[in-house]
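Quick one: this structure, given as structure tokens, is what I'll be asking you about.
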Protein chains: 4
Amino acid sequence: MASSLCSRISLSAPRTAEPSNLGFFRSSDLHKLSPSIARFNRSSRKFEVQAVGSTFGNYFRVTTYGESHGGGVGCIVDGCPPRIPISEADIQADLDRRRPGQSRITTPRKETDTCKIYSGVSEGITTGTPIHISVPNTDQRGHDYSEMSIAYRPSHADATYDFKYGVRSVQGGGRSSARETIGRVAAGAIAKTILKSFSGTEVLAYVSQAHKVVLPEGIVDHHSLTLEEIEKNIARCPDPEYAEMMIAAIDAVRVRGDSVGGVVTCIARNVPRGLGSPVFDKLEAELAKACMSLPATKGFEFGSGFAGTLLAGSEHNDEFYTDEHGRIRTRTNRSGGIQGGISNGEIINMRIAFKPTSTIGRKQNTVTRDKHEIELIARGRHDPCVVPRAVPMVEAMVALVLVDQLMAQFSQCHMFPLNQDLQEPLKAPKLEPTDVTV
Amino acid sequence: MASSLCSRISLSAPRTAEPSNLGFFRSSDLHKLSPSIARFNRSSRKFEVQAVGSTFGNYFRVTTYGESHGGGVGCIVDGCPPRIPISEADIQADLDRRRPGQSRITTPRKETDTCKIYSGVSEGITTGTPIHISVPNTDQRGHDYSEMSIAYRPSHADATYDFKYGVRSVQGGGRSSARETIGRVAAGAIAKTILKSFSGTEVLAYVSQAHKVVLPEGIVDHHSLTLEEIEKNIARCPDPEYAEMMIAAIDAVRVRGDSVGGVVTCIARNVPRGLGSPVFDKLEAELAKACMSLPATKGFEFGSGFAGTLLAGSEHNDEFYTDEHGRIRTRTNRSGGIQGGISNGEIINMRIAFKPTSTIGRKQNTVTRDKHEIELIARGRHDPCVVPRAVPMVEAMVALVLVDQLMAQFSQCHMFPLNQDLQEPLKAPKLEPTDVTV
Amino acid sequence: MASSLCSRISLSAPRTAEPSNLGFFRSSDLHKLSPSIARFNRSSRKFEVQAVGSTFGNYFRVTTYGESHGGGVGCIVDGCPPRIPISEADIQADLDRRRPGQSRITTPRKETDTCKIYSGVSEGITTGTPIHISVPNTDQRGHDYSEMSIAYRPSHADATYDFKYGVRSVQGGGRSSARETIGRVAAGAIAKTILKSFSGTEVLAYVSQAHKVVLPEGIVDHHSLTLEEIEKNIARCPDPEYAEMMIAAIDAVRVRGDSVGGVVTCIARNVPRGLGSPVFDKLEAELAKACMSLPATKGFEFGSGFAGTLLAGSEHNDEFYTDEHGRIRTRTNRSGGIQGGISNGEIINMRIAFKPTSTIGRKQNTVTRDKHEIELIARGRHDPCVVPRAVPMVEAMVALVLVDQLMAQFSQCHMFPLNQDLQEPLKAPKLEPTDVTV
Amino acid sequence: MASSLCSRISLSAPRTAEPSNLGFFRSSDLHKLSPSIARFNRSSRKFEVQAVGSTFGNYFRVTTYGESHGGGVGCIVDGCPPRIPISEADIQADLDRRRPGQSRITTPRKETDTCKIYSGVSEGITTGTPIHISVPNTDQRGHDYSEMSIAYRPSHADATYDFKYGVRSVQGGGRSSARETIGRVAAGAIAKTILKSFSGTEVLAYVSQAHKVVLPEGIVDHHSLTLEEIEKNIARCPDPEYAEMMIAAIDAVRVRGDSVGGVVTCIARNVPRGLGSPVFDKLEAELAKACMSLPATKGFEFGSGFAGTLLAGSEHNDEFYTDEHGRIRTRTNRSGGIQGGISNGEIINMRIAFKPTSTIGRKQNTVTRDKHEIELIARGRHDPCVVPRAVPMVEAMVALVLVDQLMAQFSQCHMFPLNQDLQEPLKAPKLEPTDVTV
């Protein structure tokens, strides 16, 4: 994700003492410099990299496409149920939560990311045929990529794309870009609409850690959490005090040209029972893949997560009880709403770790494509911390998994009459909070 | 995973004072008891649950099948390259690392899990057609499942399978079983052989945490680690001192009838550069799904993982350098061998969290299928800690991902001549250790 | 398909005058012969080739496995709805229609092909987990394959398997075998049960051509056709007179050691409207792939087929009308029940061409694996005409497509309330015959 | 395919004597008419229907999208090998063969169908990331669709789309449109380039039948056939005399407002040996699906096809011989280049039947969406015969199958050294014509 966020970049020979007193570098000067001593600053927008596309899902299939260059980025959603009310405004709401320039703790780069539905929706409802949503590229940056090919940014996708495809062109190489996630967020908005209207299922994410500011477990009530609480501040942390601390922590690195990482927590509420396939396609496996396919992720855990490894089985197990509506529930939820790969109806919760943005405004040693060692400084407009903008991305990926699994469960297990003794309709009543939560 | 490991189970009414003075329960007595006061002990093998099957991979496709009942369990591997030398002995070596009864810290249940190749291998080499590997069920447990249906084991798949399929039969319900992983381990053994012979790629896992005994970072040298070091002790921890502490910790809960969780670390060494697809099918996303599809997993991280969120970008980035062979390398490896979803040739490392076994020999509150609250005690033979047996399972899943991605990369990017300036053959020279490791 | 049916084979040098006066060839004599003059007769069972496996379907997924060697052949069905009553007897009924030795116009080789369900069915109903069905190999033929490697049978898969996999071993090479279709027929029997019980959908195939005996269009009434009419004779032609002529035609080539081809017509009745996906996954495209994946097929057509190309649009179009139940119907059915890739509720009909069995008891020129030209005579037990045994295979493949598409349609378009003005439930009332049929 | 080709349409009550004396119908008048007596002429471009999208291929994956409305139509190609030279001009060449208005025997509607590559190609070569190709809609027809909903065109997709999706809107309903095939043809152009440069493989199609004008077998020499010969006339029949007869036949129906069908023959030359997977994914099965997914197709056959059913095995089998280069070949090619589902290196040939265009300018009985019976006349600009424009579509689908299978074979069977005795590189020498062809 970080990849789209850098701005001015300086290249200098290793061990150079004063990179800061260098003037701006012009493209036309590049040939004068030997690769090993190249150094330059560049205007920020030149280094945005390109999106690549692929397909996610089996029943509800999303293909994203597009790069920073060309007409735009977007997605094609195939397999969407017909007659779902969808508007560009619905999708735009989530895109606005994702776009750059939305606050001082995101990249200052401004883009409106205005979406348009090109096919698959008519008179405000889905038609069952592929939905094509596109966001035009208003900010064409098709020049000056020759410099870009000089240095590999550390911990960035520059080098591995070259290793994989053997294409020198930055543009063509199709680098990982936060911009690619526009298509995911757009598709996720449709998925959320389906989930909400079919089974009242809600997917909500928020920032639970920014750098060393860690929101304590239990402060956020997952039964009552609302989107409004999350959106109340620019950190997207529903606790106002911790939000302030997070913003301060991000500001602290921002002014130094550095970056920090963090954690996004995501919950899914009112999830029908029975979603997820045993063995390879367990629900937690699908969620892990979905979330770990987001740029800059380093880890995934659900329910008790890594901390659960410290408990004994007698401490960890979630005891069953029968609630006042005669439904089988668990008193605790260390299972995170999933047992044996299948949703049990309790709240699904998960945490996703994001590393600090790799593009930073501080001097780093690296190598050029020609394998010369060099120093690199990227100044300017990058996200000092990706997690506030990652919140809608995580929600989108989780919603895409859930709608796909919902359709899978519906088609396999709900064509014939249910076993009323054991099963319930997929549109189950909302759960009351259990007595004890983790 | 825990699901296959319980043995004798007691059911008692909630809040009953003396569950211990109850005699053994016989199946024929069951009808005499009201569900809410049923309590019984059972011989251990009755509660083993059934495997279900599914398919993993796109190029190298594994379908597992079978349950504890019927002829046996196994897998079908489709898409395997022809003329790979494979023997039952190769596969058996990994199955022996997985089987129950291998040490005092695994379930005492004895099974030989002897495999047989039924198709796809002729005269010791693969033929290119589907490989069918089967392990017979020597320990038929087709009776007494009626009791099983009384109580849902806490944090087990019992309840969610019922919710999903609406089938009351334990046998038919196809519960999650550690036995299902036999097929994965067998297929993984083939995958390892291909990786090793094609590119010298090695996949090795070990136990890095058991309950609260945590192996410190850096104690194990991932450049020199060998299978022999891992297999030297029953904890599968390559550090003998920590291994002893882990064994003691497991023994401590074992005698109390309780269980503990832990962490498995897995590395992949000499991985060709360029594996992994951008966007949805990033290499880390595929690994996360693969590992999180194993029973009892709660979390996945790679490279710097969750701890990486605490670092600043300037601390976290892996600087590039050119090594003595002229190859572009990173000095540190917080990227865990993967950048932008694509392998960079450094060692891939990841950590997988396993929860404590859910089947324990201690009294727990739960409900019956008829929704009556009840107390359950499962005595006897369960794994006090799953991680030693999980080691070969993790290796198998990681190997399956890598061989699938290797074939993907080979077919997309190696049909035509390489760009020698940027790319290298998939059979790259072994990496020397870098100066600095994480 | 032919591949499994040959029996005694003679190899002789090209242009040899009297191949007929050769005695039986024993395996031990093989080394005495130079490849170019090898000639031998062999007992029939030595040349049965091996099955290979793969996967068909997206929602209702079938993987077949197994070869003539090893434990047996079979299939794994993943994704089957739970609580469907399935018995081995149901499956056996279709396997008996497929097995060799069922009549004098099939290969005289006797096999019982007795199936067993190993998993996924409990107490007579499906559990929702993978169904493993296996048929043991009672007729082990693991010897004498060295001779087999000498000569490529003309128009057989021998040569192309070698080209593809580079594996010399006949056994390992995994040749195409009619025996592989056992898994398809078994899975198809489950699919038929689901279709019948969900929507009253029936799939019936019959022989409409054997060599030059062509059943005229319109003789068989597709609205009233029954399984009993088809099974009344060994040709599986519902018209007794044409059946006799077909049997005579097959007998005529049988005694000469030659073979003939033919055509299987298949219909699907009471197919719900709306099955099939636009664009690449049109219903006719899926049916074409399914049928053309059967051994020995050469062509596929539906509705008016190739003959439809001779009509003008004004002659070919199926006019719509509203029937007495207020349903929109077509007066004719040149569309074959499919318009724009989607079922319209009329009877789906298709015709599949099967070539003459390639293994014949007459002298043919061919080459050995060592590229020497040679003459080959295969005497003995082969199917003189494959179409009677192909009937249940075609039904199986068509049923697999329909159940897969039914589940697809159910999950995409039936989760939310229907548009009553345009749609109808998937369990539609049976259609009355239209006034005019093609 | 026909669906995009109609122009002015008249609706009249059944049995109405003088439909011709009606003036033009305006949308605002619609409500004044009872459905059963609606009649109107419309300007031709209002009835073009919408494209839907989906995905084809496993290794080389094409997703088409777009409708006649909105920004345009196009495709995304994922998985393309990097560093393949591709230009918009290459793609345009095939699009020009597909576009309407190219000759008097296609629809007179003029569209330029100018393509633009938006991503995945840089500096003239592919980058390995998704290729997005789009064709703008210059001819917006977003109005007057309310009339369209009145009548179902006979043998058209109108009715089945409504049955499937329950969406009344024509635009949203996403009707099948010849315009959707633009994406296929564009992707096919890339596939052809890969095939040609990797293995010299060529895919060529031509018209072998138009209405009752049937090009005799053997007139076209498949070893020497060139694109130039095919493109020499507007019928795309390489034999000039038959081309004239075809053009005359099409002209004859054109002036009557009627339409005719035909047959396209397609060959693939210099196809590497070993393509195609046994069992379900046989090469002929994949080709059948690909071709039968084109609009208006009714049948598929390869090699000897339906006519082969009339031969005896001794007449049908293709004898093997060793050619002057020591390669194993067949003297005849009734196998059509495929044996046992796998290419044998001989020329692959197939024939695809296309029905007459369903949209015609003659009166037909049909029903409205409200189920009233009605008469319909569509006057104006439709394709009198689709096969000349279908030629590049068939080539595209065949090329997409072959490149997908080539990549599959390369990844499974060419990672390790070949067995030189049996196999050859995928880039094999060109075949000389055999002595005898069918």
Side-chain angles (χ1 to χ4, degrees), chain C residues 52 54 56 152 154-155 157 160 162-164 166 176 212 258-263 273-274 278-280 282 284-285 288-289 292-293 298-301 305-306 308-310 312-314 316-320 322 328 335 339-340 342 344 353 355-358 360 362 365-367 371 419 422-423, chain D residues 52 54 56 152 154-155 157 160 162-164 166 176 212 258-263 273-274 278-280 282 284-285 288-289 292-293 298-301 305-306 308-310 312-314 316-320 322 328 335 339-340 342 344 353 355-358 360 362 365-367 371 419 422-423:
Chain C
V52 291
S54 194
F56 186 83
Y152 289 129
S155 288
T160 49
D162 276 10
F163 296 163
K164 182 177 185 69
S176 62
K212 295 172 183 168
D258 211 340
S259 65
V260 290
V263 173
R273 295 175 169 189
V279 186
F280 295 118
K282 288 187 170 72
E284 62 267 40
K289 174 172 175 177
M292 294 297 291
S293 78
K298 299 301 288 185
F300 172 93
E301 61 181 5
F306 277 89
T309 62
L310 298 169
S314 56
H316 189 275
N317 283 351
D318 295 316
E319 295 191 335
F320 287 109
T322 306
I328 292 171
S335 298
Q339 292 176 328
I342 300 168
N344 67 358
K355 68 172 185 174
T357 314
S358 59
I360 55 173
R362 298 173 73 87
N365 293 311
T366 188
V367 298
K371 305 186 179 175
N419 180 343
L422 300 177
Q423 295 179 294
Chain D
V52 291
S54 194
F56 187 82
Y152 290 129
S155 288
T160 50
D162 276 10
F163 296 163
K164 182 176 185 69
S176 62
K212 294 174 181 167
D258 211 341
S259 66
V260 290
V263 173
R273 295 176 169 189
V279 186
F280 294 117
K282 288 187 169 74
E284 62 267 41
K289 175 173 173 174
M292 293 297 291
S293 78
K298 299 302 288 184
F300 172 92
E301 60 181 5
F306 277 89
T309 61
L310 298 169
S314 57
H316 189 275
N317 283 350
D318 295 316
E319 294 191 337
F320 287 109
T322 306
I328 293 171
S335 297
Q339 292 176 327
I342 299 167
N344 67 358
K355 67 172 185 175
T357 314
S358 59
I360 55 174
R362 298 172 74 86
N365 294 309
T366 188
V367 296
K371 304 187 179 177
N419 179 342
L422 301 178
Q423 294 177 294

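Just so we're on the same page: letters track the sequence lines, and every chain starts at 1.
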Which atoms form the tightest heavy-atom contact between D:Lys164 and C:Gln423, and what is the distance?
O-NE2, 2.9 Å
Just by distance, do the side chain of C:Thr160 and the backbone of D:Gln339 share a donor-acceptor pair under 3.5 Å?
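Confirmed, C:Thr160 side chain pairs with D:Gln339 backbone.
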When heavy-atom pairs shorter than 4.5 Å are enumerated against chain D, which of C:Gly308, C:Gly261, C:Ser259, C:Ala285 gives the highest number?
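Heavy-atom pair counts peak at C:Ala285.
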Looking at D:Gly305, D:Ser293, D:Gly274, which one has more heavy-atom pairs under 4.5 Å with chain C than the rest?
D:Ser293
To the nearest 0.5 angstrom, please state how far the CG atom of C:Asp258 sits from the OG atom of D:Ser314.
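If I round to the nearest 0.5 Å, the distance is 3.5 Å.
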For the side chain of D:Glu319 and the backbone of C:Asn365, is there at least one donor-acceptor N/O pair under 3.5 Å apart?
yes
Can you tell me how the ring of C:Phe306 sits relative to the ring of D:Phe306, calling it parallel under 30°, perpendicular over 60° and tilted otherwise?
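If you compare the ring of C:Phe306 with that of D:Phe306, the planes turn out perpendicular.
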Nearest 0.5 Å please: distance from the NE2 atom of C:His316 over to the NZ atom of D:Lys298.
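Reported value, rounded in 0.5 Å steps: 5.0 Å.
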Here the pair of heavy atoms bringing C:Pro356 nearest to D:Gly313 is CB-N, 3.4 Å
Donor-acceptor pair, C:Asp162 side chain versus D:Leu422 backbone, under 3.5 Å?
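Not at all, since once roles are kept as given, no pair shorter than 3.5 Å links the two residues.
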Within a strict 4.5 Å, meaning less than it, do heavy atoms of the C:Asp318 and D:Ser155 side chains meet?
yes
Contacts of C:Phe163 that satisfy ring pair (Phe, Tyr, Trp, His ring centres under 6.0 Å) - sequence neighbours left out
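By the ring pair (Phe, Tyr, Trp, His ring centres under 6.0 Å) rule, C:Phe163 matches no residue at all.
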For the side chain of C:Thr322 and the backbone of D:Lys371, is there at least one donor-acceptor N/O pair under 3.5 Å apart?
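Yes, because the side chain of C:Thr322 sits within donor-acceptor range (under 3.5 Å) of the backbone of D:Lys371.
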Rounded to the nearest 0.5 Å, what's the gap from CZ on D:Phe320 to OH on C:Tyr152? Could you check?
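That separation rounds to 8.0 Å.
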If you tally heavy-atom pairs under 4.5 Å against chain D, which of C:Asn317, C:Val260, C:Val367 wins?
C:Asn317
Residues which pass salt bridge (charged side-chain N to carboxylate O under 4.0 Å, His left out) with C:Lys289, listed by chain and number, not counting sequence neighbours
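C:Lys289 satisfies salt bridge (charged side-chain N to carboxylate O under 4.0 Å, His left out) with D:Asp281, D:Glu286 only.
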